[in-house]
Amino acid sequence: MTSTQEIDKSSVPDSSGHFGPYGGCYVPETLMTCLQELTRAYEKAKAEPEFMATWHHYLKTYAGRPTGLYFAENMTRKLGGARIYLKREDLLHTGAHKINNVLGQILLAKRLGKERIIAETGAGQHGVATATVCAKFGMECVIYMGEVDMERQALNVFRMRLCGAEVRGVKTGQRTLKDAVNEAMRDWVASSGNTHYILGSALGAHPFPMMVRDFHSVIGQETRTQIMEAEGRLPDEMVACVGGGSNAIGFFHEFLEDPSVRLVGVEAGGRGISQGEHAARFQGGKMGVLQGCKTYILQNADGQIEPTHSISAGLDYAAIGPEHAWYRDLGRIEYAYASDDDVLKAFKFLCQTEGILPALESTHAIVYAMERAPQMAPEAILCVNLSGRGDKDVSEIERVLKEMGENAS
Ligand SMILES: *Cc1c(COP(=O)(O)O)cnc(C)c1O
């Protein structure tokens, strides 16, 4: 392990949005002004107790915070090692951690006098969370989604439309998440006068990686209080799945300066670590620029973005949030990956031992916990962020199990 004593989490990002060499603001000149305006407005809002109190009010009364930190007694006994706790983000409104960020950003948009919200979505979870808060706060809502994703995630398209959102199918490129982000940015260049873009992960141009991280840091802040109440000390290890990296950085941020707490992010290992078969950016990725920031990206020698694959749509993206790249360089956060096959096994395991159906994304962290807990002492504490619930995934899981000739048990 590194000398984590040197970590000063308040020093990143710097004023230009850099996490070491990563992050920054790589956008067309036309977007610079609106990103700078957003940065100033956010810094001001964050310092105002009234803004923060309003956000906390809706987190509590609308989203369902605080979420529990649940001692997974059966799982602990079965695995025979560390005491396992699950942070229950799966119990939040709309089914995952994403509501923390969208509530924060829509309040900011209101403050800025915006009337219209746009967002990108891949699997549809961020689109659903955004459409939901737009209904609640009476904002016009346009969601950009690749046409391929719209077909794969038809139920989420329907949920967004039920909340009054307009879902715009994106026909360019591979017609998936990356193309939806491009379209949303194009819209924003033309509409930023009355429109706020709610970005969905700790990614993109400054201030998004910082702002999204801050809005999710509530996860780790609660975890700290809750584990102190339950055990009287900090956990030995914490683990979370990493797509863009928002649930993980939100879970870890409060603990970055505690060297005794090991932090592990789990990426999507897909069908194996070979080209096009996974989305583990730290397994073969390189530094590059994608959609507004410098970070680790899966790309070929010519800098072309490689196709990715994961059983979980929410982890299926070629870039990782820039703050993760920085803390990996520093050795403060370590990264593992989980394969699709192991994710399916862990999904069944958690359903059967604890009666909890995790999202396939979150199940990547469960895979790690199942391997790691037995190697740890019985008095050790391992906390897992259960970023979302699996209801959205059950029909896909049923299909995959059928294909494999397996049944639900
Ligand atoms: C979207 C999503 C993720 C991946 O996004 P991060 O920004 O990496 O957190 C993980 N888990 C769930 C349940 C999600 O919906």
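As a basis for the values below, the full set of heavy atoms in this structure was taken, side chains included, without hydrogen atoms, waters or symmetry mates. Start at 1 and go down the list; that is how both ligands and their atoms are numbered.
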Legend entry - Close approach of Ala248 to ligand 1, heavy atoms, under 4.0 angstrom: no
Legend entry - Sub-4.0 Å heavy-atom approach of His97 to ligand 1: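 Flag set, His97 near ligand 1.
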Below 4.0 angstrom, N of the basic side chain to O of the carboxylate: do [X] and [Y] qualify?
X: Lys114; Y: Glu37; answer: yes
X: Lys178; Y: Glu183; answer: no
X: Arg328; Y: Glu334; answer: no
X: Glu396; Y: Arg152; answer: no
X: Glu43; Y: Arg40; answer: no

Quick one: which ligand 1 atoms are inside 4.0 Å of a heavy atom on [X]?
X: Ala359; value: 13 (C)
X: Gly388; value: 13 (C)
X: Asn247; value: 6 (P), 8 (O), 9 (O), 10 (C)
X: Gly314; value: 4 (C)
X: Gly243; value: 8 (O)

Legend entry - Gly245 N/O to ligand 1 N/O under 3.5 Å: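 Among all N and O atoms of Gly245, at least one is under 3.5 Å from an N or O of ligand 1.
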Inset, instruction - Please say whether Ser362 places an N or O atom under 3.5 Å from an N or O atom belonging to ligand 1. - result: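 No: no nitrogen or oxygen of Ser362 is under 3.5 Å from one in ligand 1.
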Legend entry - Identity and separation of the nearest protein heavy atom to atom 10 (C) of ligand 1: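 Residue, atom and distance for the closest contact: Glu361 CB, 3.5 Å.
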Legend entry - Residue, atom name and distance, where the atom is the protein heavy atom closest to atom 11 (N) of ligand 1: Ser387 OG, 2.8 Å
Inset, instruction - Give the single entry among Ala123, Gly200, Ser201, Gly244 that approaches atom 7 (O) of ligand 1 most closely by any heavy atom. - result: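 That would be Ser201.
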Legend entry - Mode of Lys98 contact toward ligand 1 - side chain, backbone, both, neither (heavy atoms, under 4.0 Å): side chain
Legend entry - Within reach of ligand 1, part of Ser246 (heavy-atom separation under 4.0 Å):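 Both backbone and side chain of Ser246 come within 4.0 Å of ligand 1.
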Quick check, are the ring centers of [X] and [Y] under 6.0 angstrom apart?
X: His278; Y: Tyr337; value: no
X: Tyr335; Y: Tyr368; value: no
X: Phe282; Y: Tyr296; value: yes

Legend entry - Any donor-acceptor N or O pair under 3.5 Å, side chains Glu89, Thr67: yes
